[in-house]
Amino acid sequence: MIKVVDRFLDHLTMYRLVLYYLMVLVATALVFGFAGLAPHDPITLAFTTALALAACWIANKVFARIFEVPANNESVYITALILALIVDPVAVADPRGIGAVVFASVWAISSKFIFAIGRKHLFNPAAFGAALSALLLDQPATWWVGGSLALLPAVMAGGILIVRKLRRLDLVATFAVVTLATVLATADPSQYGTVLMETLRSSPMFFFAFVMLTEPLTAPTMRWPRIAFAGIVGLLFAPNIHIGSFYFTPELALLAGNLFAYAAGPKGRLVLTLERIEQSAADSYDFIFRSPRKLAFEAGQYLEWTLSLDRADNRGNRRYFTVASAPTEETIRLGVKFYPAASAFKRALRTMKPGSSIHASQLAGDFTLPTNPDTKIAFIAGGIGITPFRSMLQYLLDRKEARPIIVLYGTENQKDIAYRDVLAAARRELGIKTIYAVARDAEPGQYAGNIDERLVRAAIPDYLERTVYISGPQAMVKALRQKLRAMGIHRSKIKVDYFPGFA
């Protein structure tokens, strides 16, 4: 069953999954409304949803043009649907309510542009819009989606898929534990059963955690800052937490956490200018960009790359790719393999010329070299999955730092082998050996076939002593991880390259 779910999730970007989840929740609420099972009239809910979508879409177009940044339509729809699910639906004949929805929608979108430092917005848009509406118009969010017991199964089912997709169980679990602990700590012991039941059944905790807490642009990207962020928000989310007479609401708890996330995370969004394009292998190219400032990162980390597309397909205009360059290099290198049925994003990328620009943000990832230089390592790469290892090896070459590393690199053909120059230099200058596994036309000295248990045992006889890094197509990564576990390698010594929203 898990494999079926993962195959389904592998074909969706993270943004598209969240969008579908919210659409299902709204549709379910409409159906339940007609059946008398949801708390609001379906006609007013439909009108409010349409109003929020229109206001968010228009505001996004206007601000994107003013600030000259790519318009991300998926995030617009996500923000609008969140607002529709947390503010009270309004009727066509309610001008004050209509004004509040439009106000919250416009400010939610504008916060991404106005309250941004280095082109990176600080606050969760929906939380900001809802909080401002409450503070200035006395129209607070009611979070009705979390208070409807009939909607709880849909909230839970879709939310679990999001957590599985994002690999953010640590974030959601920490938030839930801290929230529940704080609720109990501030309640009368005789009421523990009641308050727990209310928190789990009729509070926005689950919807908030699945959809808003996990929003990647305003949450920390590294593990321990992410845990701290979840703890801070979980503490302030509990309903009895207050400063004097001031009580926190869910949206204010999240905004406070967003400030911490900004302080703890990488700053700003880069606008990179294409300098040149190099072919690294058959159908694989490196796009080399100039940056307005030096990007501080660790070899093996990734960025979210955004292009302005006239017509995006169902995978949107954002992608996560490893930075193929080393931190020691002056330029930023993006390595991409192109397939015949390319996405709209890759088609646009392929048409880029020197002087064209791309936006990069969300530096993240712990697929990095261990701090101890004596740690024995095995790099296992498949196809274009060699890119993070290119970053690491070039970094070691530039620093003239030899480490006990063995590289296994699998491709279909000779022409698919990328970065031969870096791999050869690593062997020549650092003694880092690469064993090539070529499925179709292996040459003497290469392994004929795919990377398998036999090759691992032969090429890395001390594999049980090594930390193994795996990067490549998801099917290959999953299969190899299972094989290595069966060979006795502990899961803590297997690191896999993973991108949230990867598809």
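Tested against S105 for a side chain to side chain contact (heavy atoms under 4.5 Å, CB included), the candidates V102, I109, V101 yield a single pass: V101. Here the options are F248, F175, W143, the test is ring pair (Phe, Tyr, Trp, His ring centres under 6.0 Å), and the partner is F237; only F175 passes.
Inter-residue side-chain proximity for N258 and F128 is flagged as unmet; no heavy-atom pair is nearer than 4.5 Å. In this structure, the side chains of L85 and W144 come closer than 4.5 Å at one or more pairs of heavy atoms.
Counting non-hydrogen atoms of other residues, nucleotides and ligands closer than 6.0 Å to CE of M23 gives a total of 12 or fewer. Other residues, nucleotides and ligands contribute over 12 non-hydrogen atoms within 6.0 Å of the CD atom of Q279.
Taking the six-membered ring for Trp, Y77 and Y15 have ring centres at least 6.0 Å apart.
Ring-plane geometry between F389 and Y469 is classed as perpendicular, the angle between the planes exceeding 60 degrees on a 0 to 90 degree scale with a lower cut at 30.
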*asked:* Using side chain to side chain donor-acceptor pair (under 3.5 Å), reason through S343 and R319 one step at a time and then give a plain yes or no.
replied: CA-CA 11 Å; S343 64; R319 287 290 185 283; 3.1 Å; yes
*salt bridge (charged side-chain N to carboxylate O under 4.0 Å, His left out) between R223 and D366, intermediate numbers included*: CA-CA 8 Å; R223 178 176 175 79; D366 56 4; over 6 Å; no
*Check the pair K112 / T79 against side chain to side chain donor-acceptor pair (under 3.5 Å), numbers first and verdict last.*
CA-CA 11 Å; K112 299 194 298 181; T79 298; 5.3 Å; no
*Output, in order, the C-alpha distance, side-chain angles, deciding distance and verdict of side chain to side chain contact (heavy atoms under 4.5 Å, CB included) for V18 and F210.*
CA-CA 9 Å; V18 173; F210 294 143; over 6 Å; no
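With values rounded to the nearest 0.5 angstrom, L303 atom CG is found 7.5 Å from L272 atom CG.
Of the N and O atoms on the side chains of D416 and T411, not one donor lies less than 3.5 Å from an acceptor on the other residue. There is no side-chain donor-acceptor pair under 3.5 Å between D497 and Y302.
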